[in-house]
Amino acid sequence: MMQALIGYIRGIGRRTVDRVWRMGVAARFFLLVLLHSGTSFRRFHLIIREIFTAGVLSLIIILVSGLFVGMVLGLQGYETLQTYGAEESLGVLVSLSLVRELGPVVAALLFASRAGSAITAEIGLMKATEQIAAMEMMAVDPIARVVAPRFWGAVISMPLLAALFSAMGVLGGYLVGVVLIGVDAGSFWSQMQAAVDFKEDIINGVIKSVVFGIAVTIIALFEGYDAPPTAEGVSRATTRTVVTSSLAILGLDFILTAFMFRGV
Amino acid sequence: MSDNLIEIRDLSFTYGQRLVLKGINLTARRGQVIAIMGNSGCGKTTLLRLIGGAMKPTSGSLKVDGIEMGRIDQDALYQLRRRMGMLFQFGALFTDMSVFDNVAFQLREHTDLPESMIRDLVFMKLNAVGLRGAHDLMPSELSGGMSRRVALARSIALDPMLILYDEPFAGLDPISLGVTGNLIRRLTDTLGMTSIVVTHDVQESLKMVDYVYFVSEGVIEAEGTPAEIKASQLPYVHQFVHGEENGPVPFHYPAPDYAADLGLAA
Ligand SMILES: Nc1ncnc2c1ncn2[C@@H]1O[C@H](COP(=O)(O)OP(=O)(O)OP(=O)(O)O)[C@@H](O)[C@H]1O
Ligand SMILES: [Mg+2]
């Protein structure tokens with residue numbers, strides 16, 4: 001009885017220590033990536049390639065999701081606003097929800113499952129098939145050649161994707177609110193222009209998506225680089241990327257929102 | 001400059017708790033082709049990785065070009081590796097690049113050669129392994145043997161002083177096998193390289209190497225020139241050269257009694 005309890009507590013302790021240890025390793029990995037970023041900026045075509053695979057190839061899912069989220073916002077927002085006779089404010093509701101919250105958060109969640117998982121799987125497989133080891137044997141540092149360009153490609157893509165998501169969302173809100181339901185187009189746009197502040201809303205939204213981009217990408221890269229070099233190891237790492245980065249996005253979003261819009 | 005490119009003295013290596021190599025002594029003179037043979041799992045790949053500096057010896061000394069690999073720092077190691085090529089057991093081609101870009105990889109990373117010259121060099125290396133025509137294929141479009149030949153071309157791209165080959169003959173048809181054997185010999189002779197070849201192919205390697213080491217269970221069981229090996233009466237060497245099941249080399253990984261595992265024991 002006593003023995004089992006001690007064993008249980010030991011288990012908790014060991015798992016905690018393991019987690020903290022891994023966090024430390026991940027932080028060190030992050031520093032290494034930053035240190036080795038110089039090469040990738042001098043050879044910018046490496047980053048362009050990764051912007052294509054992480055950013056451009058995620059466009060479809062981001063654009064379509066943005067459109068639908070905006071259309072749903074239009075419908076739901078209209079229902080609620082109408083009871084207060086404030087349906088002219090639909091543009092404000094749609095755009096603020098998107099620019100402040102849904103754009104950065106949902107785009108980052110989609111990015112984590114579309115691009116993040118791909119990054120983890122690719123790097124994990126490169127490791128499993130000894131491509132990383134081969135690169136090291138050729139005196140080329142894989143952090144500089146493989147990891148850093150992917151990091152910057154994804155981090156640059158993320159805010160652009162979030163902006164496109166919000167833009168498509170506004171379009172979706174317009175289609176449903178103005179074209180379909182018949183809210184006055186003039187007040188839809190003019191109220192939106194008056195209410196959305198560039199610094200308060202847009203810049204803060206961009207900051208959020210940059211932070212999410214960094215978090216998702218470093219998690220994805222680290223999971224891939226740290227994955228056991230087997231099929232099972234890579235598949236687990238891919239799952240962990242999606243789970244961990246989703247949680248990280250939501251947690252970071254709460255913290256950032258508290259600082260930005262409440263002035264805590 | 002010492003005559004010996006590689007000098008290994010009393011080298012031991014453990015993976016975790018497991019002693020994989022014990023008391024290895026091995027010397028490779030410049031310009032030699034050395035073969036390392038031994039049964040599967042005896043530690044050949046591990047030995048190559050140690051020479052390449054991917055891992056550090058647990059004890060003993062391992063010198064490459066006079067540099068002690070146990071104490072080398074990262075910069076010096078990368079400097080040394082520019083003069084080293086390694087052919088991985090499973091090729092390890094970069095799957096996101098074409099055959100051409102794979103072979104050009106090191107030239108682009110480590111030299112400032114113009115693209116036209118890189119092109120000529122890559123075609124020369126690919127021609128040497130008979131795959132110039134395959135330059136625009138992706139690694140996924142190659143057979144196992146072709147991948148290995150591309151990997152061979154890639155590992156000689158910078159004309160290194162030392163090449164480590166991990167089973168270059170596995171999966172090759174008899175023609176490519178002979179050509180690859182000759183190629184290794186010719187590269188070594190004309191470019192003054194040194195080659196360490198891990199192989200199971202006794203007949204092919206006895207034709208082209210200068211010296212053979214037999215590894216068994218992590219120790220060097222026998223060594224000698226091909227002529228000495230062929231004439232050897234040692235049971236171990238005899239079993240290996242003639243591919244017999246019964247002899248000092250166990251075919252089985254250490255295991256409990258077979259009958260007991262099948263549940264037949266009383
Ligand atoms: N990463 C590792 N961790 C723990 N043990 C390992 C690891 N890699 C290899 N080993 C063990 O070390 C021993 C030697 O492995 P090695 O790969 O050097 O064998 P090998 O001689 O190259 O075999 P093969 O001819 O089949 O390629 C094996 O028994 C293996 O179980
Ligand atoms: Mg091996």
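We name chains A, B, ... by the order of the sequence lines, and we start the count at 1 in each one.
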Next on the checklist: Please rank B/Q89, B/Q74, B/R154 by heavy-atom pairs under 4.5 Å with chain A and give me the top one.
Outcome noted: B/R154

Checklist outcome for this item: Counting heavy-atom pairs under 4.5 Å with chain A, the top scorer among B/Q79, B/H110, B/M86 is B/H110

Checklist entry - Any side-chain heavy atom of B/P168 sitting closer than 4.5 Å to one from B/L87? => result yes

Next on the checklist: Just so I know, are the side chains of B/R49 and B/L164 near enough to count as touching, which here means a heavy-atom distance under 4.5 Å?
Outcome noted: no

Checklist entry - When you check the side-chain N and O atoms of B/R9 and B/T27, is any donor under 3.5 Å from an acceptor? => result yes

Item to check | Which portion of B/L93 sits near chain A, non-hydrogen atoms under 4.5 angstrom | outcome: backbone

Checklist outcome for this item: d(B/D166 CG, B/F88 CZ) to nearest 0.5 Å is 8.5 Å

